[in-house]
Amino acid sequence: MESYSGTISQAVESGDDKQVIKIVKEALMSGVPPLDILERGLVPGIQTLGKLFTDGQAFLPEILISTRAMNRGVEELKPYLASMTIHTKGAVVLGTVKGDLHDIGKNLVKLMLECNGFSVTDLGTDVSADSFVSAARQYNADIVGMSALLTTTMTYMPEVAEALEQAGLKHKVRIMIGGALITREFADSIGVEGFAEDCASAVDEATRLMAL
Ligand code: B1M
């Protein structure tokens, strides 16, 4: 993977989707595990750009272009990550909370959960507490997963937890949260049992929650 990680990250950073697809294909052909390509190539690329954005050396249009390039790379990986699992391990309703449009991380969590046998209903971004509650009922969810990337939107997570409790779903549904700023301490502080730092550990965490 060493010979590919830098070039994949660089191609994401510069928003070159054709180059991303080309190198991801080459890496796959060379037998590099798809999860390595994702976690050591594509994700560090968008993270580097995030740092440049923080420092005022990159701007929103560049981030959007890089997001598209990263998503193209993820599309290439999807068939390779696909699971042979037939029985669902659990039903997950997933979304990015109200006011928040970031969905790259949430989409990766969805991908990893699906590839590991969970059925996932993706509510998209900017999802209200009411929508989480009705989807949890409609899809008979075992887990409600929330993603948030902004300090201004992570504070909406306890509202969703409260709405699920008010709807009488607390005994049935486990909640899992994540996003760049989210920590286990934050999850504990709002009374949420599930937290994952990245998309790979989201699978372990969802599996743990199903056994509770
Ligand atoms: Co935004 N943005 N952004 N942005 N953006 C951040 C988050 C920011 C840190 C950038 C910065 O200032 N350095 C900053 C937030 C600051 C803060 O609140 N403390 C920020 C800001 C300020 C904004 C705007 C307000 C900018 C503006 O308009 N002035 C605006 C807000 C729009 C809105 O949401 N209402 C905005 C807009 C955007 C774009 C639309 C341009 C674009 C999003 C495109 C998209 O998602 N489709 C964007 C992007 C790309 C970023 C950065 C650069 C990258 C985020 C990302 O995708 N990371 C980001 C900087 C950064 O994070 N370093 C930034 C890669 C992704 C794989 O990681 O999402 O953390 P992440 O997901 C991980 C884990 O967190 C975890 O697993 C994932 C995979 O391993 N995880 C879960 C995530 N969800 C999970 C759920 C789980 C479990 C694990 O369980 C359910």
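As the structure lists them, so they are numbered: ligands from 1, and atoms in each ligand from 1.
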- Those atoms of ligand 1 less than 4.0 Å from some heavy atom in A180: 70 (O), 75 (O)

- Per-atom filter on ligand 1: closer than 4.0 angstrom to a heavy atom of A196 are 88 (C), 89 (C)

- Short side-chain to backbone donor-acceptor contact, D100 and H102, under 3.5 Å: yes

- Establish whether atom 78 (C) of ligand 1 and some protein heavy atom are separated by less than 4.0 angstrom. yes

- Message: Between K89 and D142, does any NZ, NE, NH1 or NH2 come within less than 4.0 Å of an OD or OE carboxylate oxygen?
- Response: no

- Item | atom 83 (C) of ligand 1 - nearest protein heavy atom and its distance | G179 N, 3.5 Å

- Query: Which residue owns the protein heavy atom closest to atom 55 (C) of ligand 1, what's the atom, and how far is it?
  - Reply: L149 CD1, 4.2 Å

- Just need the protein heavy atom nearest to atom 33 (C) of ligand 1, so name the residue and atom and give the distance. L101 N, 3.5 Å

- Nearest candidate to atom 32 (C) of ligand 1, where distance is taken over non-hydrogen atoms, out of H102, E205, M176, M70: H102

- Message: Geometry only, no angles: is I46 polar-contacting ligand 1 at N/O separations under 3.5 Å?
- Response: no

- Value rounded to 0.5 Å, distance of SG in C199 from CD1 in I104: 12.0 Å

- Message: Quick test of your reading of the model: are E205 and R208 salt-bridged, counting only N-O distances below 4.0 Å?
- Response: yes

- Item | Per-atom contacts, ligand 1 versus L94 - under 4.0 Å to a heavy atom | 91 (C)

- Item | Sub-4.0 Å atoms of ligand 1 with respect to non-hydrogen atoms of L181 | 19 (N)

- Message: Within ligand 1, which atoms have a heavy atom of D100 less than 4.0 Å away?
- Response: 34 (O)

- Could you find the nearest protein heavy atom to atom 49 (C) of ligand 1 and give me its residue, atom name and distance? I63 CG2, 3.4 Å

- Note on the structure: ligand 1 atoms nearer than 4.0 angstrom to some heavy atom of G145 are 91 (C)

- Measure D198 to ligand 1 on non-hydrogen atoms and call it side chain, backbone, both or neither using the 4.0 Å cut-off. both

- Is any side-chain heavy atom of I175 closer than 4.5 Å to a side-chain heavy atom of E193? yes

- shortest atom 18 (O) of ligand 1-to-protein heavy-atom contact is with T151 N, 2.9 Å

- Check each of G45, A187, G105 against atom 73 (C) of ligand 1 and report the one with the nearest heavy atom. G105

- So which heavy atom in the protein is nearest atom 47 (N) of ligand 1, and how far is it from that ligand atom? D103 OD1, 2.7 Å

- Item | Any T96 side-chain heavy atom under 4.5 Å of V127 side chain | no

- Item | ligand 1 atoms in contact with L108 (distance to a heavy atom under 4.0 Å) | 67 (C)

- Evaluate the side-chain proximity of M70 to V20: yes if any heavy-atom separation is below 4.5 Å, no if none is. no

- Query: Which of the numbered atoms in ligand 1 are below 4.0 angstrom from a heavy atom of I104?
  - Reply: 45 (C), 46 (O), 57 (O)

- Query: Is there a donor-acceptor pair closer than 3.5 Å between any side-chain N or O of S147 and the backbone N or O of G179?
  - Reply: no

- Message: Regarding ligand 1, does S147 bring an N or O atom to under 3.5 Å of one of the ligand's N or O atoms?
- Response: yes

- Message: For S66 versus V12, what's the shortest heavy-atom pair and its separation?
- Response: OG-O, 2.7 Å

- Query: Is any side-chain heavy atom of L28 less than 4.5 Å from a side-chain heavy atom of L77?
  - Reply: yes

- Task: Consider every N or O of G99 and every N or O of ligand 1, then say whether any pair is closer than 3.5 Å.
- Result: yes

- Task: Give a yes or no on whether atom 15 (C) of ligand 1 lies under 4.0 Å from any heavy atom of the protein.
- Result: yes

- Using a heavy-atom cut-off of under 4.0 Å, does the side chain or the backbone of L150 touch ligand 1, or both, or neither? both

- Query: Protein heavy atom under 4.0 angstrom of atom 8 (C) of ligand 1, is there one?
  - Reply: no

- Item | Within reach of ligand 1, part of E39 (heavy-atom separation under 4.0 Å) | neither

- Message: Give me the atom names and distance for the closest heavy-atom approach of A136 to V144.
- Response: CB-CG2, 3.9 Å

- Message: Looking at every heavy atom in both F118 and V92, which two are closest together, and how far apart are they?
- Response: CD2-CG2, 3.9 Å

- Item | Taking atom 41 (C) of ligand 1 as the reference point, the nearest protein heavy atom with its distance | L60 CD2, 3.5 Å

- Query: Do D204 and T207 meet the criterion of a side-chain donor-acceptor pair at a distance under 3.5 Å?
  - Reply: no

- Looking only at protein heavy atoms, what sits closest to atom 13 (N) of ligand 1 is T54 OG1, 2.5 Å

- Query: Looking at ligand 1, does any of its N/O atoms fall within less than 3.5 Å of an N/O of Q47?
  - Reply: no

- Message: One thing to verify: whether R72 and E76 come together as a salt bridge, which I'm taking to mean a side-chain N less than 4.0 angstrom from a carboxylate O.
- Response: no

- Query: Is ligand 1 under 4.0 Å from a heavy atom in the side chain of F53, in the backbone, in both, or in neither?
  - Reply: side chain

- Query: Should the proximity of L49 to ligand 1, defined as any heavy atom under 4.0 Å, be assigned to the side chain, the backbone, both, or neither?
  - Reply: neither

- Query: Heavy-atom distance under 4.5 Å between the side chains of I182 and M146, does that happen here?
  - Reply: no

- Query: Closest approach of L113 and A202, non-hydrogen atoms and distance?
  - Reply: CD2-O, 3.9 Å

- Query: Taking C-beta and beyond as the side chain, do L209 and L212 meet within less than 4.5 Å on heavy atoms?
  - Reply: yes

- Task: Tell me which part of K51 gets within contact of ligand 1: side chain, backbone, both or neither, using heavy atoms under 4.0 Å.
- Result: neither

- Relative to ligand 1, is T152 under 4.0 angstrom through side chain, backbone, both or neither, heavy atoms considered? neither

- Item | Within-cutoff protein neighbour (heavy atom, under 4.0 Å) for atom 43 (C) of ligand 1 | yes

- Does V192 reach the side chain of M157, with side-chain heavy atoms less than 4.5 Å apart? no

- Message: Checking E159 now: which residues fulfil side-chain contact (heavy atoms from CB on, under 4.5 Å) with it, not counting sequence neighbours?
- Response: Y156

